[in-house]
There are 4 protein chains.
Amino acid sequence: MPDTRSQPRRPRSGSRRDEAARLAVLHAADDLLDERGFGALTVEAIARRAGVAKQTIYRWWPSKVEILLDTLIADSEKSLPVPAERPTAETVRDYLRGYARFLADDPAGKVLLALFAEAQHHPATAERFHERYLGPRREQERAMLAHVIDAGAVAPSLDADAALDALLGPILYRALTGTNTPDDTVDTLFETLLRPRTT
Amino acid sequence: MPDTRSQPRRPRSGSRRDEAARLAVLHAADDLLDERGFGALTVEAIARRAGVAKQTIYRWWPSKVEILLDTLIADSEKSLPVPAERPTAETVRDYLRGYARFLADDPAGKVLLALFAEAQHHPATAERFHERYLGPRREQERAMLAHVIDAGAVAPSLDADAALDALLGPILYRALTGTNTPDDTVDTLFETLLRPRTT
Amino acid sequence: MPDTRSQPRRPRSGSRRDEAARLAVLHAADDLLDERGFGALTVEAIARRAGVAKQTIYRWWPSKVEILLDTLIADSEKSLPVPAERPTAETVRDYLRGYARFLADDPAGKVLLALFAEAQHHPATAERFHERYLGPRREQERAMLAHVIDAGAVAPSLDADAALDALLGPILYRALTGTNTPDDTVDTLFETLLRPRTT
Amino acid sequence: MPDTRSQPRRPRSGSRRDEAARLAVLHAADDLLDERGFGALTVEAIARRAGVAKQTIYRWWPSKVEILLDTLIADSEKSLPVPAERPTAETVRDYLRGYARFLADDPAGKVLLALFAEAQHHPATAERFHERYLGPRREQERAMLAHVIDAGAVAPSLDADAALDALLGPILYRALTGTNTPDDTVDTLFETLLRPRTT
DNA sequence: GCGTAAGCGAGACGGTACGTCTGGTCTTCCT
DNA sequence: AGGAAGACCAGACGTACCGTCTCGCTTACGC
């Protein structure tokens, strides 16, 4: 049995995928988007900034959109998880507040907005965006909502998807137009659309 | 006695702008966006399709975004005017229904979505989009809403801008994610958020 | 007393050709070639510099080459006439010296070099250059040479055209390569090729 | 003391220049000049004809003049070498005859004429033309001439450069004006200007 | 002495080519 | 085999001139 010391020591060799290169690409993409805007987010620029060859990017990601999806998924699982364990009306309200803050303040929020934008321009992007992000997330949101409805904590007058659109839509709309959505506005939306029994 | 209405007839010596070329460019841009997507909307392609020299485009439009704004403004004034004369609750509801249909069915709706997208990528685009389209339109929408509130026809629990965002946001959100918003969903939104006294 | 400042105003056109515009174009072309080189000698630049509309140039000259021919013919008739009246060996020698100086020092010499150059690039230019300049001039030079040969003043070992090419060729060649041809070199050429009986 | 001179180890990683593309460009330029004239010799046309991207041309040649210089140098070394080994009077005469034929018949002769022309229009072209072609060639021609003078085979009455100008000038002059220079005219020039002892 | 026709400055028009830039693929060498 | 380097084809970018074409004006000629 050969060397089993699975050391992290040589990040720069071997026949396996280089984790350091992978992270360098993700961070470079994130940073570029944050610092210089989507217009500067070219594969060439990412490679330059990450100190990585273009080919390395094309080998592992079919397009720069997949890079953004990778960072978005990682970041939003961390910063904006959909409440899953015994959600209450309050949990849902806090999730909405968090969503507004995510879009307004978190660099990853810019990634989300950029992907909404790119999805308008390229159907293929739209498809991947739904498959990898919007779809799964909506699934979790539906589960969250179903749970609080079942518990009798809220009583929306719209079906689940329409209700979620009605809650998230305005927050996203304002983010798209450069306007923040403060907590009390979120709260009013929440109360108006979900008619919670207790808050 | 001849016509003495001394109109602003500035003979303005020299050649004049060619209206046919102007329209050809606007239509070519519209058609390309509709048929081949934003990715195919290059100045070169517009010029080719319009049968116009590139220089003619650069002479009159600082960027292709301004071309889109020109077509969007013209088309949405025609297809989706903001009700101004004695609007009622019903007028407002119909406007929202029209907005959903504009985004879903009208080619110009694609232009609006494309501009929302571009605005995320380029701050300069965002600024012009607000200046020329979103701002003036919101002004009219606020006036419309104020009118029906004054008449006691509706009683929103959010301030004007937030209420408009809450109404339009979900419709736009669904359009961005490729979902139509049917009349009854619009109606429920309308009733939930504006609490009309009579409909 | 009214305004008597009778300015040097251009009559601002009538139905006849405007002589001031004609001269302005010729001088602008000359000046541009001299100051900024052939590359800057565009119809657009000539019009700008002459304060004349492009159409005025295209109305009277089929191409900018004809403008150059106009100035070259005028200038070389003035600065470098071919001796016609009773030429002697000495007259011929002085003509050659003058030719070298014309190419080296006179701004119109630059025009001649530019036309030789353009003639290589465009057959149509070559044709007009021969028709309007080289041909008539060679005719005069042949007459000059025939006269001094008849008078027994010189005895070339080449026929007239070849002799003229042998005399003018080296001077032009040196001008094309940026080298002046001093008087004594001209004189040696003259003596070697024409074998004058007296000088 | 160890060897501290930075080693000639040019890792030189990455792709190498594509020789096929290089030759395709040179031949395309040559062919275009020959077939359609200098006016058609645009970078765009060369790229099209060579089946090469414009960027590939701009990567390796600062201007199309350098392309022409590349082809001219290669072609004239092949078709019109300056006699170097023990040149005799006869060798020199044959070189002059070859020069006349090169200008009249060889496609590369057209390149030489085109470069003389371009050099008149652009000082930068003139400089490169002298540096890369005229200068080195004249150096060889001077050596050739010095050799036959030293051997007592010829006795020009002009210094080396002036003598070469006097020999080549007429031939070039006639080529510029579209006239061939037949062998016997070359021979007369040669004999008149170089006074060979034996031929 | 008045209409008309030409010349004028101005500049918009459809085009071609410029030289630069990035996208995405392919190739070569190094580790 | 993975990764860095970078050459390659493709094609859009925004600019400069090309030569043609109105425009609205100003004159001079000829009826």
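Below, all heavy atoms of this structure are taken into account, side chains as well, without hydrogens, waters or symmetry copies. Proteins come first, then strands; the chains are lettered A, B, ... in the order of their sequence lines, and each starts at number 1.
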Problem - A/Gly51 vs D/Glu19, nearer the 5' end of DNA chain F by closest nucleotide - result: A/Gly51
Fill in the blank from the handout: With sugar-phosphate taken as primed atoms, P, OP1 and OP2 and all else as base, the protein-contact string of nucleotides 15-20 of chain F at under 4.0 Å (heavy atoms; B, S, -) is B-BBBB
Practice task
In whole angstrom, give the distance that lies between atom CZ of B/Phe38 and atom C1' of F/dA12.
Solution key: 13 Å
Table please: side-chain donor-acceptor pairs of residues 33-40 of chain B below 3.5 Å, with sequence neighbours left out.
{"residue": "B/Glu35", "atom": "OE1", "partner": "B/Arg49", "partner atom": "NH2", "Å": "2.6"}

Fill in the blank from the handout: Residue set satisfying ring pair (Phe, Tyr, Trp, His ring centres under 6.0 Å) with A/Phe116, at least two apart, ordered chain then number -> A/Phe129, B/Tyr173
Fill in the blank from the handout: Sequence neighbours excluded, the answer for side-chain contact (heavy atoms from CB on, under 4.5 Å) partners of A/Glu44 is A/Thr42, A/Arg48, A/Lys54
Fill in the blank from the handout: D/Ile46 CD1 to F/dA10 P, in whole Å, measures 16 Å
Practice task
Check side-chain contact (heavy atoms from CB on, under 4.5 Å) between B/Ala126 and all other residues, then give those that pass, not counting sequence neighbours.
Solution key: B/Ala119
Problem - Length of the CG-P vector between A/Leu23 and F/dG2, whole Å - result: 18 Å
Distances for protein N/O vs nucleotides 29-31 of chain F N/O pairs under 3.5 angstrom?
{"residue": "F/dC29", "atom": "OP1", "partner": "C/Arg16", "partner atom": "NH1", "Å": "3.4"}

Practice task
Taking side-chain contact (heavy atoms from CB on, under 4.5 Å) as the test, write out the residues that go with D/Gln120, two or more places apart.
Solution key: C/Leu113, C/Ala117, C/Leu176
Completion exercise
To the nearest angstrom, the CD1-P distance between B/Ile67 and F/dC13 comes to 10 Å
Completion exercise
Between the CG atom in C/Asp31 and the CG atom in C/Leu26, the distance rounded to the nearest 0.5 Å is 10.5 Å
Problem - Test: C/Asp70 and C/Arg22 ion pair at under 4.0 Å - result: no
Practice task
Kindly write out the residues that satisfy side chain to side chain donor-acceptor pair (under 3.5 Å) with B/Arg128, not counting sequence neighbours, or none if the list is empty.
Solution key: B/Glu66, B/Glu131
Problem - Nearest-Å distance for atom pair CH2/C1', residues B/Trp61 and F/dC13 - result: 18 Å
Exercise for the section: Using atom CD1 of C/Ile57 as one end and atom C1' of E/dG9 as the other, report the distance to the nearest whole Å. Expected result: 12 Å
Practice task
Look at D/Thr56 and F/dA7 and indicate whether a side-chain polar atom (N or O) is within less than 4.0 Å of OP1 or OP2.
Solution key: no
Practice task
Classify the nucleic acid contact of C/Trp60 as base, sugar-phosphate or nothing, counting any heavy atom under 4.0 Å across all strands shown.
Solution key: sugar-phosphate
Problem - A/Arg59 (side chain) and F/dG2 (base): donor-acceptor pair under 3.5 Å - result: no
Fill in the blank from the handout: Judged by nearest nucleotide, the residue sitting upstream toward the 5' end of DNA chain E, B/Arg17 or C/Arg17, is C/Arg17
Exercise for the section: For B/His130, enumerate each residue passing the side-chain contact (heavy atoms from CB on, under 4.5 Å) test, keeping only those at least two apart in sequence or located in another chain. Expected result: A/Thr177, B/Leu134
